[in-house]
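One-based numbering, in listed order, for ligands and for the atoms of each.
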Amino acid sequence: MPNYENFFVFEYWQYEVIRHAFSFTAAVFAAALLYFVLTASEATKKYRRTFYISGVVMVSATIELGLLYLMWNSSFTYDAEQMVYTRAEGQIFANGYRYANWLIDVPMLLTQFLVVLQFAGAEFMKRWAKLTIAGAAMIILGYIGQYYEPQVAGFVQGSGAGFWIWGGLSWLVFFYLLYVANDSVKTGLESLSQDAQPWMSRAWTLLIVTWFIYGFVYLVPGIPGINQSADWVVIRQLGYTFSDVVSKAVFGLMLSQVAIIQSRSEAGSQRG
Ligand code: RET
C-alpha cells in the first residue's frame, strides 16, 4: 500500500515546508561532499578513509533527497480555488527511497564508526559483521512494515498488524545494534588521544539521538489521535530531515574532527 502521505490534502504552507526540507537536505549533502573532499588531506593516510566514507554517504544521500524532491513535486497538484495541494491522479509519493538509501548509508556509517574507533583485523571484522547485518535487517524489517501504513492509520480497510509486527522486530534489532555499538565505543574510546575522545563521545550521542528519531517517526501513522493530521506529516518529514542532516553530515564532521586530531597527536608523538 502507498505511504500514508498520499492520503492527505495539504495546506499551501504544509506542502511547501516539506518541499523545501527536501531541497535543503539535498543541498546540504552536496555542500558537505565538497567539504569532505577538500579537507581529507588534513588527516594522515590511516584516517583518510573516514572522509571517503562520508563522501560516499553524501553522494547517495544527495541522489535520494533529489529523487524525493522530484517525486513530491509530481505527486501533488495545486488547487488554486481551494488553495490546497491534492494528490495528482495516477501519481504516488513513496518513502521507499529513504529505506533504499539507509541500506547503503547505515552500513557505511557503522563502518566509519569502527574505523575511527581504531578497530582493525579480526576484531574489526567481528564487530563489522554484527553491526552491518543488524543494520540491514533493521531497515529491511522496517521497509516491510511501512507498507501497512494506510491500514494502521485507518485510511483503508484491512489489518494494520503488519505495521506493528515488522516494525516491532525492527525495533528489537535496533536495540541489539545499539548494544554492540555501545560496547565498541567503550572499548575503542580508550585507544584515542585525550583531545579526540570528547569528539568521539559527541558523535556517539548524536548517533543515539538521531537514530531513535528515525524509529519514532516510523510510528507516526500508527498513533491514534495524530495519525489523521497533515500537521503530523510535516512533523514526520521534518523529523527525517533533522535526523538525515545530523546523522550523516554532522556525524561525519565529528568523526573527521576525531581523525584530524588523532592524526596530529600521532604525528606529534612520533616526532617526540
Ligand atoms: C526503522 C523502522 C522502525 C524501527 C526502527 C527503524 C530505524 C531506523 C534507523 C535508520 C537510520 C538511518 C540512518 C541513515 C543515514 O543515512 C527502520 C525506521 C528503529 C535507525 C542513520
- [ ] Measure the distance from atom 14 (C) of ligand 1 to every protein heavy atom, then report the residue, atom name and distance (to 0.1 Å) of the closest one.
- [x] Trp102 CD1, 3.4 Å
Task: Worked verdict on Gln146 versus Asn3 for side chain to side chain donor-acceptor pair (under 3.5 Å) - done: CA-CA 7 Å; Gln146 52 103 36; Asn3 282 123; 2.8 Å; yes
Task: Ring centers of Phe155, Phe7 separated by less than 6.0 Å - done: yes
TODO: Could you tell me whether some N/O pair between Lys248 and ligand 1 is separated by less than 3.5 angstrom?
DONE: yes
- [ ] Report, in ascending order of atom number, the atoms of ligand 1 lying under 4.0 Å from any heavy atom of Asp105.
- [x] 15 (C), 16 (O)
TODO: For Thr210 and Ser243, test the side chains for any donor-to-acceptor distance below 3.5 angstrom and give the result as yes or no.
DONE: no
Open item on the list: Please confirm whether the ring centroid of Phe8 lies under 6.0 Å from the ring centroid of Tyr4.
Closed with: yes
Open item on the list: Would you say the ring centers of Trp128 and Phe113 fall short of 6.0 Å from each other?
Closed with: no
Task: Contact partition for Met138 relative to ligand 1, non-hydrogen atoms under 4.0 Å - done: both
Open item on the list: Out of Phe212, Phe29, Tyr214, who is nearest to atom 11 (C) of ligand 1 when you count heavy atoms only?
Closed with: Tyr214
Task: Sub-4.0 Å atoms of ligand 1 with respect to non-hydrogen atoms of Tyr218 - done: 2 (C), 3 (C), 18 (C)
Open item on the list: Residue-level breakdown please: for Leu219 versus ligand 1, do any non-hydrogen atoms fall below 4.0 Å on the side chain, on the backbone, on both, or on neither?
Closed with: neither
Open item on the list: Counting only heavy atoms, tell me which of Gly135, Ser170, Gly142 gets closest to atom 6 (C) of ligand 1.
Closed with: Ser170
Task: Structural part of Trp211 in contact with ligand 1, heavy atom criterion under 4.0 angstrom - done: both
Open item on the list: Need the ligand 1 atom indices (1-based, order shown) with element for anything under 4.0 Å from a heavy-atom of Ser247.
Closed with: 15 (C), 21 (C)
Task: Ring centre gap for Tyr99 and Trp102 strictly below 6.0 Å - done: yes
Open item on the list: Tell me the contacting part of Leu109 for ligand 1: side chain, backbone, both, or neither, using a 4.0 Å heavy-atom threshold, strictly below.
Closed with: side chain
Open item on the list: Parallel, tilted or perpendicular: which one describes the rings of Trp72 and Tyr15, with boundaries at 30° and 60°?
Closed with: parallel
Open item on the list: Before we go on, tell me: are the rings of Tyr218 and Phe163 under 6.0 Å apart, centre to centre?
Closed with: yes
Open item on the list: Side chain, backbone, both or neither: which applies to Phe174 and ligand 1 if a contact is any heavy-atom pair less than 4.0 Å apart?
Closed with: side chain
